[in-house]
Structures are given as C-alpha cells and as structure tokens.
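Note that these values count all heavy atoms, side chains included, but never hydrogens, waters or copies made by symmetry. Naming: A, B, ... by sequence-line order, numbering from 1 per chain. In this text the structure is predicted, and so the values were computed from the model without any measurement.
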Number of protein chains: 2
Amino acid sequence: MTSKSARGVVLDTIRRIPPFTALRDAEWQRLVPEIAIRSFPEGVFLFFEGDPPRALYVLLEGHVALIRHTAEGRDVVLDIMRPGSMIGELAVLEGMPYSASAKTLTEVRAVVFTRDQFMRLLQTYPQMATAVIYDLVRRVRHLSDLVQSLAIERVEQRLARILLRLMKISGEPHERGTLITLPLTRQDLADMAGTTVETTIRTLSRMRREGIVDTMRGRILILDSARLTHLAEEGR
Amino acid sequence: MTSKSARGVVLDTIRRIPPFTALRDAEWQRLVPEIAIRSFPEGVFLFFEGDPPRALYVLLEGHVALIRHTAEGRDVVLDIMRPGSMIGELAVLEGMPYSASAKTLTEVRAVVFTRDQFMRLLQTYPQMATAVIYDLVRRVRHLSDLVQSLAIERVEQRLARILLRLMKISGEPHERGTLITLPLTRQDLADMAGTTVETTIRTLSRMRREGIVDTMRGRILILDSARLTHLAEEGR
DNA sequence: CGTTTGCTTGATACGTATCAAAGTTGGTGG
DNA sequence: CCACCAACTTTGATACGTATCAAGCAAACG
C-alpha cells in the first residue's frame with residue numbers, strides 16, 4: 001500500500017475538482033479519511049424521485065441523467081451530469097425528497113457523502129458553498145435554455161440542439177465526423193426533447209437522409225455539425 | 001429624523017429576509033450605510049438580457065418577471081420573482097451578461113447592490129452564501145417543474161398550472177373566488193405557457209364558459225380552484 | 001375623439017401524437 | 001452455438017392540438 005495506490009491516484013483527482021479545491025491542505029488531509037469512492041454500472045439508479053435524501057454524489061467519471069417520471073408513464077430528462085458536478089444537492093440541502101431520479105448512462109465513479117456528512121462539511125468549510133453555488137448556477141442556465149427551447153422551438157430544432165450538446169459532452173473524433181459515445185436510445189432522446197419515440201425516429205431519419213448524421217443502434221455519428229448548428233439556431 | 005424614519009422601517013424589514021438574517025448585529029450595523037433602496041414603476045426593465053452585470057437586486061415589494069427574448073420576436077417567461085428573492089444573481093456571480101431581462105410587473109421596491117459591492121459582501125460574510133444557495137435551489141425547482149410541464153402537458157393543463165401559481169403568488173380574496181392581482185395580458189400568459197395569444201384566449205374562454213374562471217381586461221378571477229387543480233393534475 | 005393596445009373569433013394549414021404492425025438487434029439460456 | 005426473447009427501431013395511416021393568418025371589436029389613453 002504505497003501513497004500512489006489506486007485510491008491515492010483518485011484522491012489526487014478529487015483534490016482538483018470544485019468542492020475540494022476550496023479547502024486548504026490541512027483541511028483536505030483531515031477530510032481524506034471520510035471520502036468514500038463508489039462505482040456504479042451503467043443503467044442503474046443512484047436514487048429515485050421521492051426517495052429521502054440520504055446521499056449527495058460528486059461525479060468523478062461517467063455520466064448521469066436526471067429524470068422526472070410522470071403518472072402516465074412518460075419520462076422527462078432534466079439534465080445530464082458530467083464529471084465534476086454534484087448530484088442530489090437540492091434534496092440534501094433542503095432535507096426534502098429527491099425531486100428527480102438519477103440514472104447512470106455509463107459506468108460511473110463518484111464520491112458519496114451522506115446527508116449528515118455533507119451538511120457538516122458545509123458548516124465546517126463554508127468555502128465549499130462556492131462550489132455548490134456554481135453547480136446550481138450551471139443548472140439554472142441549462143434549465144433556462146431548455147425551457148426556452150421547449151417553449152418556442154419545433155422538435156427538429158430541439159433535437160439539433162440536443163445532438164450538439166451531446167457532441168460537446170461526449171463527442172469523440174471519428175473518421176467521418178464526431179461520434180456521440182453516450183449510449184442513448186431513441187426513447188432517451190425523445191425524453192430529452194419532450195416528444196415521442198416515433199417523432200424522434202422520423203426526425204433523425206430525415207437528418208440521416210440529408211447527410212447530417214448517421215445512426216446505428218444506440219449510437220449517433222454527427223457528420224455535418226455546421227448544418228446541425230444552422231438547424232438549431234435558424235430552425236431550418 | 002427619528003430611528004423610525006421611512007428608511008428605518010424598511011431596514012427593519014430587510015433585516016429579516018434571507019441574505020441579511022445570516023448577519024450578526026454588528027455586521028448588520030456596519031452594512032446598513034451601504035444599503036441602497038430603490039423604487040421602480042410598473043412595466044420597466046431592471047436590466048436587459050445581454051447587459052453587463054452591473055447590479056444585483058433583492059426584491060422587497062412587488063413582482064418581477066424574468067424574460068428571454070428570441071430573435072423571432074417571441075418572449076418566454078422563465079420565472080416570476082417575489083419579495084425576498086434575488087434578481088440578477090447568475091450574471092453577477094459569474095461576471096457574465098444577464099441571461100434574461102427583468103421586467104417589473106408591479107411597482108417594485110428593491111435593495112440594489114453593485115456587482116463589486118455584492119461580491120465583496122459575499123467574501124466578507126460567507127454566511128450570505130446560504131441565502132444565494134436557497135434562492136438558486138428554488139429557481140432550479142421551479143424551472144424543473146416548468147420543463148416537465150412544457151415537455152408533456154397540453155396548453156390547457158399548462159395554463160391551469162400557471163393560474164394556480166399566480167393565485168398563490170398574488171391571489172386576493174374576492175366575493176366570488178380569488179382574484180389574481182398581477183396585471184397580466186393574454187400575451188403575458190401565452191409567454192408563460194409557451195403558446196400564442198390566440199390559443200391562450202381560446203383556452204381561457206373555454207374555462208370562462210365552464211365557470212372555472214372569470215376574466216376582465218388584464219385581470220383574472222378564479223371561481224373554481226378545485227376544477228383548476230383537477231385540470232392541472234389530471235389534464236382534463 | 002381618434003388612436004393605440006389589448007381582446008376575440010373564424011378559417012385553414014401544419015406539426016406532432018397516437019395507434020398499429022412489422023423488422024432488427026443483442027443477449028440469454030438451453 | 002443456435003434459437004428465442006425482449007428491447008429497440010422503423011414505417012404507415014389517421015386524428016388531434018395548436019399555429020398562423022385575417023379581420024373585427026372593445027377599452028384605455030393622450
């Protein structure tokens with residue numbers, strides 16, 4: 001067990017992300033033994049909407065979708081969380097049930113704090129509040145964009161926007177363009193765009209016919225991001 | 001000039017709202033001379049989307065709408081701010097242009113901090129961050145609800161929800177029901193529901209025919225809030 | 001009192017949901 | 001390893017909700 005054990009390497013990474021950069025070295029050293037790192041497979045829920053706020057997660061690797069479920073069985077994707085962001089903060093901060101479910105889109109590694117633990121940390125190290133604030137600010141901005149998109153744009157435009165965002169989040173260079181590495185079904189995309197699977201498929205098929213994207217089962221390849229940007233911004 | 005001057009009375013009120021409750025008396029006394037209270041008439045903009053983040057407002061009286069404008073001339077109402085909430089925080093915190101415009105829906109009284117002033121306050125009194133956090137949490141919750149509503153509900157259902165919210169925000173008892181005191185045009189409601197004036201009018205007219213609401217120019221009276229709740233929750 | 005602003009109704013077109021059915025892929029267990 | 005099952009994808013036909021365009025009306029305002 002050297003100082004550069006697997007855990008040691010991960011801790012070095014953690015040290016550099018927002019909630020923890022605020023700490024002084026002495027504080028950090030005191031915190032280290034408390035840090036629980038956990039891994040989750042793809043496609044599982046960290047928590048469900050309505051659950052009591054047991055834990056807060058700081059995402060280290062992978063992606064997590066925040067999802068609302070409706071009584072009629074439809075889902076709405078509120079946001080996709082990337083490494084460095086906090087998950088479950090609203091519920092933990094207010095002591096209220098989670099207002100959305102958190103589902104892993106990939107394998108995930110995260111620091112897990114119990115509610116008590118995190119609240120204590122926040123009291124002990126008020127500088128950590130800054131990280132919470134910037135995380136919330138990012139979410140407000142994203143949700144505002146989403147509201148605007150849902151309120152005034154048509155499905156094609158919304159999907160174009162979503163594809164561009166996914167490209168930024170998880171795009172990987174590919175010989176013919178950029179591959180979106182997140183494994184998303186048509187239903188997932190529909191839940192992000194506030195539409196149905198069928199409409200999503202028809203829209204994506206049109207984009208494929210026009211050479212804007214290429215699609216495989218669960219994978220999307222962006223061929224012409226310029227056209228896509230045009231679609232997202234001009235609407236046609 | 002007694003200690004209970006007009007300004008003194010207002011200061012007592014301010015002392016009791018979130019960003020300031022966090023301060024100890026000595027800190028508060030030091031802050032008092034810095035506090036600038038300003039009034040604004042109905043229908044003016046505190047700032048426009050894209051403006052540099054000059055000031056942050058803490059709303060004392062009245063209501064303010066956060067509005068996004070689109071290139072095609074459509075507006076989207078992101079949120080309605082009530083007394084006690086902060087306006088312009090995102091921009092001020094990040095030092096980026098305001099991401100929405102703020103328009104007074106009524107006469108408004110607010111504490112105005114310059115960006116520098118507020119950032120300095122936040123550094124000096126880190127407890128104030130708590131107020132910022134809870135304000136942001138409220139906004140995330142509201143925007144999440146709005147996203148869900150826009151993504152899966154039809155106009156009638158969305159409008160029912162909006163009317164119920166307006167009733168909570170600014171409802172006043174009335175002999176036949178509850179009067180929404182905020183002066184909102186049909187266009188304003190349309191901008192909140194992500195629809196057009198015409199559709200809003202048709203939907204409101206149907207509600208009037210069915211005895212759920214009564215409408216006058218710029219005023220709405222809720223007659224049957226139970227039916228409205230049913231519409232908002234069951235969709236019919 | 002005329003003019004602007006907000007409200008209302010009607011006719012029509014378009015976008016998207018819904019329902020139905022069949023094809024495809026990947027994984028699992030026999 | 002293959003067959004089968006479940007999950008995902010696709011296409012078509014149709015209905016419905018809402019946008020759009022057009023026009024007239026009512027109320028506030030200077």
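Separating the CG atom of L184(B) from the C1' atom of dG6(C) is a distance of 13 Å, rounded to the nearest angstrom. Between I201(A) atom CD1 and dT25(C) atom C1' there is a gap of 14 Å when expressed in whole angstrom units. With rounding to whole Å, M207(A) atom CE is found 16 Å from dT9(D) atom P. One can place CD of E42(A) at 11 Å from P of dG27(C), the figure rounded to the nearest angstrom. R209(A) has its CZ atom 11 Å from the C1' atom of dT10(D), to the nearest Å. Between R219(A) atom CZ and dT9(D) atom C1' the separation is 16 Å, expressed in whole Å. When the C1' atom of dT9(D) is taken as reference, atom CG of L189(A) falls 12 Å away, rounded to whole Å.
Between its opening and closing five pairs, the helix from dC1(C)-dG30(D) to dG30(C)-dC1(D) changes axis direction by 40°, a value rounded to 10 degrees.
At a cut-off of 3.5 angstrom, counting only N and O atoms as typed in the model, there is a donor on one side and an acceptor on the other between the side-chain of R202(B) and the base of dT20(D).
Inter-residue side-chain proximity for M81(B) and R138(B) is flagged as met; some heavy-atom pair is nearer than 4.5 Å. The shortest side-chain heavy-atom distance between E172(A) and I180(A) does not fall under the 4.5 Å cut-off.
For the pairing with Y98(B), the ring pair (Phe, Tyr, Trp, His ring centres under 6.0 Å) check across F48(B), F47(B), F45(B) returns one residue only, F47(B).
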Got a list of protein N/O to nucleotides 12-16 of chain C N/O distances below 3.5 Å?
| from | atom 1 | to | atom 2 | distance (Å) |
| --- | --- | --- | --- | --- |
| dT16(C) | OP1 | V155(A) | N | 2.8 |

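OP1 or OP2 of dT8(C) sits under 4.0 Å from a side-chain N or O of R186(B).
Residue I14(B) holds its CD1 atom at 5.0 Å from CG of L60(B), rounded to the nearest 0.5 Å.
Y134(B) places a side-chain N or O within 3.5 Å of a backbone atom of L93(A) that can act as its donor or acceptor partner.
Atom CZ of R154(A) is surrounded by 12 or fewer heavy atoms from other residues, nucleotides or ligands within 6.0 Å. Other residues, nucleotides and ligands place no more than 12 heavy atoms under 6.0 Å from the CD atom of E107(B).
Side-chain atoms of R208(B) and T215(B) form a donor-acceptor pair, as typed in the model, at a separation below 3.5 Å.
The residue among E198(B) and R208(A) whose nearest nucleotide of DNA chain D lies closer to the 5′ end is R208(A).
The heavy-atom pair separating M96(A) from P53(A) by the smallest distance is O-CG, 3.3 Å.
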